[in-house]
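Order of the sequence lines fixes the chain letters, A, B, ..., with proteins taken first and strands second; residue numbering starts at 1 for each chain. These values consider heavy atoms only, across backbone and side chains, with no hydrogens, waters or symmetry-generated copies.
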Amino acid sequence: LLVSNMLVQMFGRLGCLDSASHIFNTMPTKDSFSWNLMLGAYAQRGHITQARRIFDQMPTKDYVSWNAMLSAYSRDGLAQEAKVLFDKMPQRDIISWTALFTAYAQSGDIHTTKLVFDQMPQKDLVSWNALLAAYAQNGHLEKARDLFHSMPYWSLVSWNSMLTAYAQRGHVHEATVLFDKIPDKDLVTCNTMLSVYGRHGDAAKAKTLYDTMSYVDLLSWDGILAAYGNSGNLDQARLVFGNMPEWDTLSWNAILAACTDNGFVEDAKRIFDGIPRRDLVSWNTLLSAYARNNYIHKARSLFDAMAERDLVSYNTLLSALAKSGNLDQAVGFFEQMPVLDMVSWNLMLSGLAKSGDLEKAEAFFKKMQDVN
RNA sequence: CAAUUUUGCUUUUUUCC
């Protein structure tokens, strides 16, 4: 039983869910650990439906099972589902509370995140860190900074999250200052800092940091790749890509992104066609290549061919329409969009402003304030 | 002395500025 359980765990961690589930299904006897391990394996990889099926089939559920199911929802930002489950729980501990407000954070609802955090009966360092991370990821730099300074003590995760807060806003200098203050840096710290340089296109500093690192992983490589890509150094980016020990979809997306600037549309298309496992970001990136280079028709037909779309896809096509001066089309598209955010409004507004139609732009601005 | 079979926090790629 112990050995089978460990196998389920091992395959689960490796992401071989078929193997994990095979072991699980053929086990002669199962205990609560077996069920929780199988549930956790699905939960960690974001297989909500399968996780839910295991959860519903379980002969007995303990607090670990409830928390594992809750974290499955939380990870995907399914706040409504998480709340329903949370309310049904026979008992709740710090883990449940943290998972609940993280669900709100993942869905972008920072207000409710804080409300739930304030209602928590007890808080520990992980919950503090989770709130800090929520601020950091949603770009609330001031709140993150205040929280960081009001925290009773810090772990490396706290430092790393604070670094992320600067990274999200592109504050390279402050990030560097903080980075130098961090006492025991780990791989996450360095990869975060690499990503700051990467976004900023600071390839030289990225390379210097990279050379000091004793351990690197795929994410470090992806950071370097982004640095060369964003600095417009496509040749170097290609060189790095060629020298990488392995590639995941992320690496492919990064090299694809490097081609979106400066008219390398054909290269982008070729890379896209060669990606073994394309995800939504791959599609959005190619769309962005068309958008930036004014390939309106190609952008439009790619958009129509996409199996799934998110807000980024919509905004990307909107930017293509708005920037090329097709304002009627842009307005029409804008009005049909299922959801809008600040980026959508800004795109529309600047499109109208550039066209010189100040009346329309003003009307739009008023509408924007009304919605807000 | 302690010594992880299961649950919560941090990093990478795409849209405006």
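Applying the side-chain contact (heavy atoms from CB on, under 4.5 Å) test between A:Phe117 and each of A:Leu100, A:Thr112, A:Leu131 identifies A:Leu131 as the sole match. Residue A:Tyr73 is tested with A:Gln80, A:Arg52, A:Glu81 for a side chain to side chain donor-acceptor pair (under 3.5 Å); the sole match is A:Arg52.
A:Asn36 contributes no side-chain N or O that, together with a main-chain N or O of A:Leu39, makes up a donor-acceptor pair within less than 3.5 Å. Of the possible polar contacts, none joining the A:Lys323 side chain to the A:Asn294 backbone as a donor-acceptor pair under 3.5 Å is found.
Side-chain atoms of A:Asn160 lie closest to B:U10 of the nucleotides B:U5, B:C9, B:U10. The listed nucleotides are B:U6, B:U10, B:G8; the one nearest the side chain of A:Ile95 is B:G8.
A sub-4.0 Å separation between OP1 or OP2 of B:U5 and a side-chain N or O of A:Arg13 is absent. An OP1 or OP2 oxygen of B:C9 is reached within less than 4.0 angstrom by no side-chain nitrogen or oxygen of A:Gln137.
Rounded to an integer number of Å, the gap from CZ of A:Phe101 to P of B:G8 is 13 Å. Put simply, CG on A:Asn129 is 5 Å from C1' on B:C9, counting in whole angstrom units. At whole-Å resolution of the value, OH in A:Tyr104 and P in B:C9 are 17 Å apart. Residue A:Arg75 contributes atom CZ, which lies 14 Å from atom C1' of B:U10 at whole-angstrom precision. Put simply, CG on A:Asn36 is 19 Å from P on B:U4, counting in whole angstrom units. Remark: P of B:U7 and CE of A:Met58 are 13 Å apart, rounded to the nearest angstrom. A:Leu1 has its CG atom 14 Å from the P atom of B:U6, to the nearest Å. One can place CG of A:Asp186 at 13 Å from C1' of B:C9, the figure rounded to the nearest angstrom.
Looking at A:Asp304 and A:Arg300, their side chains come closer than 4.5 Å, going by heavy atoms from C-beta outward.
A donor N or O paired with an acceptor N or O is not found under 3.5 Å between the base of B:G8 and the side-chain atoms of A:Asp93.
An aromatic stacking contact between A:Phe33 and the base of B:U6 is absent, as defined here by ring centres under 5.5 Å apart and ring planes under 30° from parallel.
Residue A:Ile94 is classed as a base contact, given a heavy-atom separation below 4.0 Å to a base. If you check every strand for non-hydrogen atoms under 4.0 Å, A:Arg278 touches nothing.
Inspection of the A:Asp124 and A:Ser127 side chains reveals an N or O donor paired with an N or O acceptor under 3.5 Å.
A salt bridge links A:Arg238 and A:Asp267; the closest N-O separation between the charged side-chain nitrogens and carboxylate oxygens is under 4.0 Å.
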Legend entry - B/S/- contact track for nucleotides 12-17 of chain B, protein heavy atom under 4.0 Å: BBBBB-
